[in-house]
Amino acid sequence: MTSHVPNEARVIPLRPQATRPQATRQGATRPGVRPAASPVPPERRPPTAREPLWRDLVGDVLRRERLEQERTLKEVAEAARISMPYLSEVERGRKEASSEVLAAAAGALGLGLGDLLARAQGELIRLTSRHTGAGAGRGTSGARFDGMCLAA
């Protein structure tokens, strides 16, 4: 004896929604389900600025430095004693590398861990000040971006 349970998730809205009935897959409305809000056209939506991820910033700095030195991924990975596929994933921001891995990659490029993180922080300030309208200098971006926090 098997009981068939539909593969549907129950959605609990966080905000009140418009009063238009919500259609199910068959086109009917379900009792007890709040209607969905009508979609806002893209031209009327406020611009949403997504802050960059730390792993993306660090990866960009590593890749940029490696390319400026005209070194291959294989050369840097061997010097850092990191697998080439893993270093590639770190450079592309797909892996959240440990501080040991970041220090090894930075060292293979002739940088200290502090240099790598400072460059990533500078990139973060530059990118976020573009979205917030603040200046790009350290004191002009506000206390919000005036430091670093890493979690491992």
Side-chain angles (χ1 to χ4, degrees), residues 5-20 22-25 33-152:
V5 178
N7 190 10
E8 294 181 17
R10 182 172 175 213
V11 177
I12 301 171
L14 298 175
R15 294 188 184 114
Q17 298 178 348
T19 58
R20 203 179 90 208
Q22 180 180 5
T24 62
R25 281 183 249 178
V33 176
R34 290 187 168 208
S38 56
V40 177
E43 64 274 1
R44 296 194 57 204
R45 290 184 198 147
T48 56
R50 185 178 70 85
E51 289 192 26
L53 298 175
W54 185 250
R55 66 177 185 241
D56 290 327
L57 296 169
V58 171
D60 288 343
V61 170
L62 287 172
R63 176 167 283 178
R64 192 176 318 120
E65 184 63 30
R66 178 178 61 80
L67 294 174
E68 284 176 9
Q69 293 181 15
E70 298 180 354
R71 295 176 66 189
T72 65
L73 194 61
K74 183 179 180 183
E75 292 170 342
V76 175
E78 286 176 354
R81 300 179 52 93
I82 302 170
S83 76
M84 192 172 68
Y86 187 74
L87 181 57
S88 174
E89 294 281 299
V90 169
E91 281 189 356
R92 290 184 285 148
R94 300 221 175 162
K95 295 291 183 188
E96 194 82 51
S98 68
S99 58
E100 290 92 352
V101 169
L102 294 178
L109 293 167
L111 300 172
L113 181 59
D115 298 324
L116 173 64
L117 299 181
R119 289 181 186 191
Q121 181 193 18
E123 188 68 11
L124 176 64
I125 290 169
R126 186 183 68 78
L127 291 173
T128 55
S129 66
R130 183 181 335 156
H131 296 298
T132 60
R138 185 178 186 110
T140 60
S141 66
R144 190 170 143 204
F145 304 114
D146 220 17
M148 281 187 272
C149 178
L150 295 177

Identify, with sequence neighbours excluded, every residue that meets side-chain contact (heavy atoms from CB on, under 4.5 Å) alongside [X].
X	value
Glu70	none
Glu100	Ser98
Ala97	Tyr86, Val90, Val101, Leu102

Might you point out which heavy atoms bring [X] and [Y] nearest each other, and give the distance in Å?
X	Y	answer
Arg71	Ala108	NH1-O, 2.6 Å
Gly112	Ala106	O-CB, 3.9 Å
Ala120	Leu57	O-CD1, 4.0 Å
Leu73	Arg66	N-NH1, 3.4 Å
Ile82	Ala104	CD1-CB, 4.3 Å

List the steps and the verdict of side chain to side chain contact (heavy atoms under 4.5 Å, CB included) for Glu75 and Gln69. CA-CA 11 Å; Glu75 292 170 342; Gln69 293 181 15; over 6 Å; no
From CA spacing to verdict: side chain to side chain contact (heavy atoms under 4.5 Å, CB included), Leu117, Gln121: CA-CA 6 Å; Leu117 299 181; Gln121 181 193 18; over 6 Å; no
Sequence neighbours excluded - salt bridge (charged side-chain N to carboxylate O under 4.0 Å, His left out) pairs with any residue from residues 109-121: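 Every pair satisfying salt bridge (charged side-chain N to carboxylate O under 4.0 Å, His left out) with a residue in residues 109-121: Glu65-Arg119.
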How far does CZ of Arg63 sit from CG of Leu109, to the nearest 0.5 angstrom? 12.0 Å
May I ask you to decide if Gly93's main-chain N or O and Arg55's side chain share a donor-acceptor pair within less than 3.5 Å? yes
Within residues 101-114 or reaching into it, pairs that qualify as side-chain hydrogen bond (donor to acceptor under 3.5 Å, both in side chains) - sequence neighbours excluded: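 Passing the test, one end in residues 101-114: no pairs.
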Of Leu62, Val61, Asp56, which is the lone residue that meets side-chain contact (heavy atoms from CB on, under 4.5 Å) with Val58?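 That would be Leu62.
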For Arg92, what residues pass the salt bridge (Lys or Arg N to Asp or Glu O under 4.0 Å) criterion, not counting sequence neighbours?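 Partners of Arg92 by the salt bridge (Lys or Arg N to Asp or Glu O under 4.0 Å) criterion, ordered by chain and then number, come out as Glu89.
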